[in-house]
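Quick notes on the structure that follows.
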Amino acid sequence: MNRIPVGAFMLAAVAALAGCVSSGSSQFPGDKVSMQQASEYNTQLGVAYLRQGNRDLAMQKLQKALQQNSDNADAWLALGLLYDSMGDAGKAENSYETAFDKAPDNPEVQNNYAVFLCQHGKQQKSLQYFLKAAENPLYSTPAAAYTNAGVCASQIPDSKAAEQYFRKALQVNPIYPNALYEMAQLSYKQKKYPQARAFIERFDTVSKQPRPEVLLLGVRVERALGNMSAAAEYAKKLRDTFPNSPQAQELGQP
């Protein structure tokens, strides 16, 4: 699945490397708090290396983090993402499940585990974890989890549930771009073209950056409505802004 809008793997601590302890655990013999801090630091390093595409160093740091604190749910979560990026779905799932066991009320664990499940064909199971995250008062972006649930529900396929989740996302955050796009696409598939246009217009109002998939959808919606000039405007913007995108290629030559 390539449309789940979770973005980069999120660990808030990644941005706060300064002030953390050294990763050398030998400095803190028997000091549980310091070992936990060292584990957190190595988790941050592991995530940073993973983002850079350096899987070997990421693995070293994450394994060290778990040696220092085997209860570190963030480290297990990052390890799950690492194994998934390596194509080892079995070890990835074990790592995600361990992260969930260690921190069952952590919304980041809930959402990321749900993304994994949905990406690997377990859409129905994933929904319960997306909803746990969305309804978790500690989660800062519930609209994202609801939107993720909607995308996954659409793959079952269950368009009624998908629409319900997208609308819940927009109730939580009326200007959440991903939910607006998903509602526009769902409306288009349901041949509710004026409604699809309205959601695209709302997306254009709130989004700072155009997206090729939205522009292509704009072309299709306007063509369905018989507005060829508006369709041509979307097509031109798509070709000019994202000339090498799959969407531009799908659109073909003018």
Side-chain angles (χ1 to χ4, degrees), residues 4 6-17 19-51 55-142 144-146 148-149 152:
I4 281 223
V6 291
F9 181 61
M10 293 168 59
L11 285 178
V14 172
L17 294 179
C20 291
V21 298
S22 166
S23 60
S25 61
S26 61
Q27 291 180 274
F28 310 106
D31 186 335
K32 183 176 180 180
V33 173
S34 295
M35 289 292 283
Q36 289 175 341
Q37 291 175 329
S39 179
E40 292 170 2
Y41 178 64
N42 277 302
T43 300
Q44 295 162 21
L45 289 177
V47 172
Y49 283 127
L50 181 56
R51 285 175 169 165
R55 293 172 178 167
D56 290 339
L57 281 176
M59 182 66 76
Q60 291 177 25
K61 294 302 179 182
L62 294 176
Q63 288 179 337
K64 188 169 187 178
L66 290 171
Q67 290 172 1
Q68 292 163 330
N69 178 15
S70 62
D71 291 327
N72 186 338
D74 286 344
W76 284 110
L77 190 59
L79 190 62
L81 186 69
L82 175 57
Y83 278 128
D84 197 23
S85 74
M86 296 167 62
D88 194 331
K91 288 184 178 179
E93 185 163 12
N94 289 337
S95 298
Y96 281 119
E97 288 178 346
T98 303
F100 183 77
D101 289 341
K102 300 295 183 183
D105 297 324
N106 184 318
E108 294 294 350
V109 172
Q110 294 163 346
N111 186 69
N112 281 277
Y113 183 34
V115 169
F116 170 82
L117 291 171
C118 191
Q119 288 174 330
H120 290 272
K122 299 180 180 180
Q123 289 90 351
Q124 197 67 55
K125 184 178 179 180
S126 76
L127 294 178
Q128 62 180 302
Y129 294 101
F130 280 132
L131 297 182
K132 282 179 182 290
E135 295 164 6
N136 192 321
L138 300 177
Y139 198 39
S140 60
T141 55
Y146 278 129
N148 290 346
C152 206

To the nearest 0.5 Å, atom CG of Leu117 lies from atom CG of Asn112 at 11.0 Å
Rounding to 0.5 Å, atoms CG (Leu127) and NZ (Lys125) come to a distance of 12.5 Å
Can you label the angle between the Tyr113 ring and the Phe100 ring as parallel, tilted or perpendicular, going by 30° and 60°? tilted
Is there side-chain contact between Met59 and Leu50, with at least one heavy-atom pair below 4.5 Å? no
Are the side chain of Asn42 and the backbone N or O of Ala38 linked by a donor-acceptor pair below 3.5 Å? yes
How about His120 and Glu93: do any of their side-chain heavy atoms sit closer than 4.5 Å? no
Is a donor on one side and an acceptor on the other found under 3.5 Å between the side chain of Trp76 and the backbone of Asn94? no
Here the pair of heavy atoms bringing Ala65 nearest to Ala75 is CB-CB, 4.1 Å
Side-chain contact, heavy-atom cut-off 4.5 Å: Leu82 with Ser85? yes
Under 3.5 Å, is there a donor on one side chain and an acceptor on the other for Asn72 and Ser39? yes
If you count heavy atoms of other groups shown closer than 6.0 angstrom to NZ of Lys102, is the number above 12? yes
May I ask you to test the Gln36-Asn69 pair for a side-chain heavy-atom distance under 4.5 Å? yes
Could you tell me whether the side chain of Gln68 reaches within less than 4.5 Å of the side chain of Lys64, counting heavy atoms only? yes
Could you give the distance from CG (Asn106) to CG (Asn136), rounded to the nearest 0.5 Å? 8.0 Å
Spatial distance of atom CG (Leu77) from atom CD (Gln110) [nearest 0.5 Å]: 11.0 Å
Pairwise side-chain contact, Arg55 with Tyr83, heavy-atom cut-off 4.5 Å (strictly under): no
Minimal heavy-atom distance between Ala114 and Ser126, with the atoms involved, is O-CB, 3.3 Å
Looking at Pro142 and Ala134, what are the two nearest heavy atoms and their distance? CB-O, 3.3 Å
Can you check whether Leu81 reaches Tyr96 side chain to side chain, under 4.5 Å on heavy atoms? yes
Looking at CG of Leu131 and CG of Asn111, how far apart are the two atoms once the value is rounded to the nearest 0.5 Å? 10.5 Å
Inter-residue atom distance Gln44.CD - Asp74.CG, 0.5 Å rounding: 9.0 Å
Do Glu108 and Tyr139 come within less than 4.5 Å of each other through their side chains, counting heavy atoms only? yes
